[in-house]
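Here's the structure, in structure tokens; my notes come after.
The analysis underlying the following values was restricted to heavy atoms, covering all of them including side chains, and did not include hydrogens, waters or symmetry mates. Chain A is the first sequence line, chain B the second, and so forth, proteins listed ahead of strands; every chain is numbered from 1.
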There are 2 protein chains.
Amino acid sequence: MAGAGASGPRHTMADVARRAGVSTATVSRALTRPDQVSPKTRELVHEIAEELGFRPNLIGRQLRAQAANSLLILVQDLENPFYAELIKGAEYVARERQFSVVVGGTDGLEDVERLYAEQYLGRRVDGLILLTGHLPAGLSRKMAEQGPVVLVSEDNPELALCAVLVDNVGWAAQAVAHLHALGHRRIAHLCGPMARIISRERREGYRRALSQAGLPADPALEAPGDFSFETGRRATRALLALPDPPTAIFCANDESALGAIRAAQQVGLDVPRDLSVIGFDDTMLAEISDPPLTTIRQPRQQMGAVAAEMVIDMLENGPGQCARRILDCELVERSTVAAPAAKS
Amino acid sequence: MAGAGASGPRHTMADVARRAGVSTATVSRALTRPDQVSPKTRELVHEIAEELGFRPNLIGRQLRAQAANSLLILVQDLENPFYAELIKGAEYVARERQFSVVVGGTDGLEDVERLYAEQYLGRRVDGLILLTGHLPAGLSRKMAEQGPVVLVSEDNPELALCAVLVDNVGWAAQAVAHLHALGHRRIAHLCGPMARIISRERREGYRRALSQAGLPADPALEAPGDFSFETGRRATRALLALPDPPTAIFCANDESALGAIRAAQQVGLDVPRDLSVIGFDDTMLAEISDPPLTTIRQPRQQMGAVAAEMVIDMLENGPGQCARRILDCELVERSTVAAPAAKS
DNA sequence: TTGTATGCGTTATCAG
DNA sequence: CTGATAACGCATACAA
């Protein structure tokens, strides 16, 4: 019988109250606190409400409650598959706790950021989950620092905000150490866009691992990139044309790693026999890759879930202290890494 | 100076009014209808508002206006890259027209659908854009049919709803005709999940093209699938093991087409020399594919934009008649299609 | 041009 | 257990 009568004009509590011969207060109670109402009226009210197809107006409820029960997740780029699973994790937790989630893609545009900031300042959403690594334009630092705002995946050390992160430096170093352990000595790094802190952190991890392995730091082996397939391919082509080319590449993300693999294959090299490649993120691309990509897996779903939990906790228990949660990654070994070929 | 004073407790119009020595009505007017207020008070009010970091409470505004100025886009699966660009198109138009967009991923779960339906019935969003091909559980047909609801990409002939579509049958047929024109005679089809109408439409187009070309319909050449890479690969492996294998495959989407390519390569076949492959959608995967995938491009961004326009128009001008817009696709020729090899 | 008063739909408080 | 009332924050009709 769900959806019965759900046509025609929409009704308010006053309509239901009138038809039931009770007050709106009773209707409200019958619907939200059934135990505070006599079984008889309770049923009557439910019946009429059903008959009329009555739905409580959430805006009215929100105004009264002074809470929208909703979270805003801001991402740079909705098309990046990395974010989808993370959003899912957040949505799941939010749902469990009676919150809804609004997803906003800013494309890095200030005007758009400002619009979303307005939604927050205008209390249309209660809390903010930022995957952008920075405060949206229009939101002051002070305003954010004490509010229900959490940074995810991308840190910003200048901001004193709650955050859910992974140890990019550490896991990048692990990736490189993995290559070194197999015997690689010329290990290149395909960088991400340097404007983003995760790129700088992963490069830092690369450098640290080299130095711990006692390997020389060769600037020629640090190729600039921007996380894209095409740039990854071009950069790798250049790397392979070096007089003393690398035998392994640690890429700042999966998509650019696919570019690296392609570049190698196009000059007739076999991956992993002639070139080992390792990525970062473990997106869907890693499985589709040929051969399947060895990469560092981030616990995306969990990251989103924890972030939502943090924001909602702050909302319910007051700001509290800023927490910084560091979650664990995992090295997923597929088929793009092997010991280097013997020197010819 | 943006964001100045945006700390501390949040203020209401009453606060501003008090400090400015005017009424809340004047504050409201000064902020939203500046011309209806004397320049002097207008500036005074703006100044105080700025100083206090005042932001109008959008919930209050919405309750008063009886409109949330926001649209809900429902998708099955946020991880499907097909939807991201479409959402972007909708967001862009919405923004232009002062609407915000809420994105919801249902994963096909009824409970989740019901939750989103509640947001609509509870007037937290004014209109619905459905990429799911069906009404969310909890939303009755009558309720939707006269309201600001539009179906995108995935039709549902049983519902008399506005819709933004492409001619799946026609373009699938075009894809197959393209293969036929090059000389292919054994053309297979890798189907999508049959529960979805777009899958059935594309198969219909495949069949129609075969029959128009005077080619026999061979059930063995219709391989079941579900749009995934892995299934595409397995199905294609089976296809290639047939006594009289196809020389070309039309796949229901890009991801499964990549699976088809991989299957061919794994048994030592060259694409497109030994097997031609054509996809549908033109997602990012088509470019990353090796070789780059020939496919049918859907105007995703435009689809989202048109859908948003339709919903907002209905909201502003009353329901009006149900429109059905069919947008044009395009055959994007890359490198996975060639004439069949001469019979050995 | 400005102020007063009212209502949007809901729920909490308080009295009965 | 129930009803009357007030309040959430804003924007408008109306009066001044």
From the options A:Glu158, A:Glu154, A:Glu113, select the one residue that forms a side chain to side chain donor-acceptor pair (under 3.5 Å) with A:His134. A:Glu113
Counting only N and O atoms by type, is there a donor-acceptor contact under 3.5 Å from the side chain of B:Arg123 to the main-chain atoms of A:Asn57? no
Should we count CD of A:Glu43 as having more than 12 external heavy atoms under 6.0 Å? no
Tell me which donor-acceptor pairs under 3.5 Å the side chains of residues 73-83 of chain A have, and how far apart each pair is, sequence neighbours excluded?
unit_1	atom_1	unit_2	atom_2	d
A:Gln76	NE2	A:Thr132	O	3.3
A:Asp77	OD1	A:Glu79	N	2.8
A:Glu79	OE2	B:Lys88	NZ	2.8
A:Asn80	OD1	A:Phe82	N	2.8
A:Tyr83	OH	A:Arg196	NH2	3.4

Judged by modelled atom types alone, do B:Arg29 and B:Gln36 share a side-chain donor-acceptor pair under 3.5 Å? no
Test the B:Arg114-B:Tyr120 pair against the cation-pi criterion, namely NZ or CZ under 6.0 angstrom from the six-membered ring centroid and within 45° of the ring axis. no
Could you run down nucleotides 8-16 of chain D 5' to 3' and tag each one B, S or - for protein heavy-atom contact under 4.0 Å? BBBBBB---
Heavy-atom nearest pair, B:Ala94 first then B:Val101, reads CB-CG2, 3.5 Å
Separation of C:dT10 C1' from A:Asp15 CG (nearest whole Å): 14 Å
Rounded to the nearest angstrom, tell me the gap between atom CG in B:Leu31 and atom C1' in C:dT1. 17 Å
Specify the residues of residues 35-48 of chain B, ordered by number, for which at least one heavy atom lies under 4.0 angstrom from an atom of DNA chain C. B:Gln36, B:Val37, B:Ser38, B:Thr41
Between A:Arg19 and A:Glu51, does any side-chain N to carboxylate O distance fall below 4.0 Å? yes
Using a heavy-atom cut-off of under 4.0 Å over every strand shown, decide if B:Val22 touches base, sugar-phosphate, or nothing. sugar-phosphate
